[in-house]
Amino acid sequence: MTRLDFLNAPVEWAARRLLGCELVSDIGPRVRVRIVEVEAYDEHDEASHTFRGQNARNAAMFLGAGHLYVYRSMGIHYCCNVVTGAEGHGAGVLIRAAEPLEGIEEITRRRGREGIGATNGPGKLGQALGADVALSGSSLDDGPITLVVRDPVPDEEIATGVRVGISKAAELPRRFYLRGNPYVSRHHGAPGPRRAATQAGHAGG
DNA sequence: TGGACGATTGACT
DNA sequence: GTCAATCGTCCAA
């Protein structure tokens with residue numbers, strides 16, 4: 001039992017609950033960021049790494065709520081996920097973007113750039129936190145990267161949209177972000193944060 | 001054992 | 001707006 005057991009819940013609820021919470025990395029000089037954009041994935045989701053069952057890469061996703069899952073994207077980038085749900089279920093929340101709160105100098109050093117562009121994407125955030133696959137499976141309760149739980153964000157501040165960069169189940173509205181937050185990622189193609197609020201944001205309220 | 005692809009980013013036009 | 005970088009994992013044979 002840990003203070004993160006509340007993440008043992010439906011992944012979409014957990015995803016919304018994680019908005020506004022903070023991630024603290026003590027891998028190097030302390031870095032602390034506030035989560036502003038997430039996406040939900042679970043084992044029934046064709047776009048999820050866990051859809052085809054457990055394997056060596058995604059084993060961390062089956063460890064249960066409160067663990068960290070890190071994977072490599074496009075052979076280059078590292079992306080961070082918060083594992084949710086019960087042990088053996090293969091559900092988690094991708095942290096897509098965050099707002100730097102502490103250790104901004106370290107983030108700038110790792111990223112080679114500063115400002116909004118330093119943490120407004122999943123690969124960027126992974127680099128800013130110093131994450132890599134060696135951290136996959138570690139505990140977010142007392143591991144090198146920890147989750148700081150904050151008060152829930154009011155529903156009216158949460159926008160909903162379709163997920164980014166996937167080809168399967170791309171229509172599912174399982175992306176959640178803080179409405180109007182400048183650190184929410186922008187990307188090519190699909191409706192971005194500004195338009196999603198009017199096009200795909202019905203579920204957000 | 002070999003071929004295709006990916007929960008992305010950044011540079012260039 | 002368009003495209004290259006880059007490599008582990010998965011699926012087919």
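Below, read A as the first sequence line, B as the second, and so on, with proteins coming before strands; counting in each chain starts at 1.
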Both distances under 3.5 Å, Watson-Crick or G-U wobble: on that basis, could you give the dot-bracket string for DNA chain C, with [ ] for crossing pairs and | for other-strand partners? |||||.||||||.
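- If you measure from atom CD1 of A:Ile166 to atom P of B:dG6, you get 11 Å, rounded to the nearest angstrom.
- To the nearest 0.5 Å, the span separating CZ on A:Arg150 from CD1 on A:Ile35 amounts to 11.5 Å.
- Taking OH from A:Tyr71 and CZ from A:Arg57, the interatomic distance works out to 8.5 Å, rounded to the nearest 0.5 Å.
- Residues A:Ile107 and A:Glu102 share a closest heavy-atom pair of CD1-O, 4.4 Å.
- Residue contacts for A:Arg111: at a heavy-atom cut-off of 4.0 Å it reaches the sugar-phosphate backbone alone, with no base atom in range.
- In this structure, A:Arg163 is positioned above the aromatic face of A:Tyr41, its NZ or CZ under 6.0 Å from the six-membered ring centre and within 45° of the axis.
- Looking at residues 122-132 of chain A, you'll see A:Pro122, A:Gly123, A:Lys124 sit with a heavy atom under 4.0 Å from some atom of DNA chain B.
- Side-chain contact check for A:Leu147 versus A:Asp141: every heavy-atom pair is 4.5 Å or farther apart.
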Tabulate atom names and distances for all N/O pairs under 3.5 angstrom spanning the protein and nucleotides 10-12 of chain C.
from, atom 1, to, atom 2, distance (Å)
C:dC10, OP1, A:Asn55, OD1, 3.0
C:dC10, OP1, A:Asn55, ND2, 2.1
C:dC11, OP1, A:Arg52, NE, 3.1
C:dC11, OP1, A:Arg52, NH1, 3.3

Just do the ring-ring contact (aromatic ring centres under 6.0 Å, His included) check on A:Phe51 and A:His44 with the steps written out, would you? CA-CA 6 Å; A:Phe51 181 69; A:His44 304 297; 8.5 Å; no
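- In summary, A:Arg34 and A:Glu99 engage in a salt bridge, as defined by a charged side-chain N under 4.0 Å from a carboxylate O.
- Look at NZ on A:Lys168: it is 10 Å from P on B:dC5, rounded to the nearest Å.
- Looking at A:Lys168 and A:Asp45, no side-chain N of the basic residue comes within less than 4.0 Å of a carboxylate O on the acidic one, giving no salt bridge.
- Ion pairing of A:Arg179 with A:Asp155 is absent here, as no side-chain N (NZ or NE/NH1/NH2) approaches a carboxylate O to less than 4.0 Å.
- Following rounding to the nearest Å, A:Arg186 (CZ) and B:dG10 (P) show an atom-to-atom distance of 12 Å.
- The hydrophobic clustering, which links ILVMFWY residues whose side-chain heavy atoms are closer than 4.5 Å, places A:Leu19 and A:Leu101 apart.
- Listed by residue number, A:Tyr41, A:Ala47 are the residues of residues 38-48 of chain A with a heavy-atom contact under 4.0 Å to DNA chain B.
- Residues from residues 60-80 of chain A with heavy atoms under 4.0 angstrom of DNA chain C, sorted by number: A:Arg72, A:Met74, A:Gly75, A:Ile76.
- Relative to the ring axis of A:Tyr177, A:Arg96 does not place its NZ or CZ within 45° and under 6.0 Å from the centre.
- Note on A:Leu23: it clusters hydrophobically with A:Leu18, by side-chain heavy-atom contacts below 4.5 Å among ILVMFWY residues.
- One finds no salt bridge joining A:Arg16 and A:Glu12 here, because no Lys/Arg side-chain nitrogen approaches an Asp/Glu carboxylate oxygen to under 4.0 Å.
- A close approach under 4.0 Å does occur between a side-chain nitrogen or oxygen of A:Ser167 and OP1 or OP2 of B:dG6.
- Residues A:Leu4 and A:Ala65 share a closest heavy-atom pair of O-CB, 4.2 Å.
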Residues 76-89 of chain A side chain polar contacts: donor-acceptor under 3.5 Å, at least two apart:
from, atom 1, to, atom 2, distance (Å)
A:Tyr78, OH, A:Arg72, NH1, 3.4
A:Asn81, ND2, A:Tyr69, O, 3.2

